[in-house]
K.L.:
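Before we start, here is the structure in question, set down as structure tokens.
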Amino acid sequence: LRDIFSLLLMALVFALIALALTEPELTGDERKNLVLIVDQSASMQAREGTQTRYELEQQRARDVIRGLRGSQQASVAGVAHDLSFAAHLTRHQRSLLEAVDKLKATDMPLDVEGLASFIATGSAQQNSRVLFITDGCSASMERLPKSCEILRVGSTQPNVGIVAGDLRKATGEVIGLRLFLRIRSSFAEVVKTELNLTHEDTKALVKVMPLELKPNGETTVTVDLADAPAGRYIAELTLKDAFDLDNRAWLVMPQPEPIT
């Protein structure tokens with residue numbers, strides 16, 4: 001009787017091992033493949049303490065991958081102005097982690113419409129969860145389908161940025177150029193900074209202007225640049241905030257066409 005019991009026990013153990021190896025999908029099992037999308041847009045370069053939001057995002061992506069069950073497959077994609085896959089559906093955890101490491105933040109805006117279309121048309125693959133890791137800074141995030149799960153990183157921080165700019169030939173008595181800038185601040189108080197305008201072709205500092213920026217609003221800057229040459233310019237705010245990228249604007253005044 002003891003030998004029969006031992007044989008039955010061994011048979012049960014082998015059956016359980018075989019069942020685990022086949023990775024069966026049991027009725028009612030809600031596990032799905034995962035499409036993991038990381039936000040590569042410019043706002044992910046904003047700093048959160050000693051790290052950027054993108055570095056925080058990569059950590060969250062790695063945590064998600066390490067938490068997958070053995071029978072789940074996942075793919076990894078990055079999105080900014082367009083979406084591209086760094087790893088297609090696989091159970092190989094190391095490949096997924098390497099794909100996250102391979103993706104980098106960009107200076108491009110987030111194309112929410114394109115991402116929404118990708119998800120809504122089923123391009124994210126059927127029977128898959130779509131998890132989008134982002135800071136949620138885009139004003140059109142609500143356009144994403146409800147089937148897209150959003151994992152947010154980062155905190156709300158005040159920021160100053162150049163939102164529009166133009167450089168054109170001055171009119172009237174001024175011979176030179178006229179600079180137009182719109183600068184937006186989300187700080188609750190007046191912010192003092194300087195605007196440096198550099199002629200990029202010659203590396204010459206053309207103008208230094210002290211500025212006081214309105215709280216929670218826009219400040220318009222218009223300045224005449226007497227005798228300023230045509231060419232490429234960089235307008236830069238000296239303020240250091242969480243997101244440095246929008247403190248600079250590149251402007252061009254084409255060289256005049258010769259009269260023939």
K.L.:
Nearest 0.5 angstrom please: K169 NZ to R178 CZ, how far?
P.N.:
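CZ of R178 is found 12.5 Å from NZ of K169.
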
K.L.:
What is the distance from atom CG of L36 to atom CZ of F85, rounded to the nearest 0.5 Å?
P.N.:
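The CZ atom of F85 is 10.0 Å from CG of L36, to the nearest 0.5 Å.
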
K.L.:
State whether a side-chain donor-acceptor pair under 3.5 Å links Q45 with D107.
P.N.:
yes

K.L.:
Would you say the side-chain atoms of E194 pair up with the backbone N or O of V208, donor to acceptor, closer than 3.5 Å?
P.N.:
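It does not hold such a pair.
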
K.L.:
Please name the residue in the list L239, V191, I183 that meets the side-chain contact (heavy atoms from CB on, under 4.5 Å) test with L211.
P.N.:
I183

K.L.:
Kindly indicate whether the side chain of R168, heavy atoms from C-beta on, has any atom under 4.5 Å from the side chain of F180.
P.N.:
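The answer is yes; the side chains approach within 4.5 Å.
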
K.L.:
Can you measure from OG (S138) to CG (L110) and round to the nearest 0.5 angstrom?
P.N.:
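CG of L110 is found 5.5 Å from OG of S138.
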
K.L.:
Do L179 and L177 have side-chain heavy atoms sitting under 4.5 Å apart?
P.N.:
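Side-chain contact under 4.5 Å: no.
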
K.L.:
Atom OG in S185, atom CD in E212: separation rounded to 0.5 Å?
P.N.:
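Answer rounded to 0.5 Å: 12.0 Å.
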
K.L.:
Main chain of T52, side chain of E55: is a donor-acceptor contact present, judged purely on distance under 3.5 Å?
P.N.:
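Such a contact is found between E55 side chain and T52 backbone.
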
K.L.:
Taking atom CZ of R47 and atom CG of D241, what is their separation to the nearest 0.5 Å?
P.N.:
12.0 Å

K.L.:
How far does CZ of F187 sit from CG of N159, to the nearest 0.5 angstrom?
P.N.:
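CG of N159 is found 7.0 Å from CZ of F187.
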
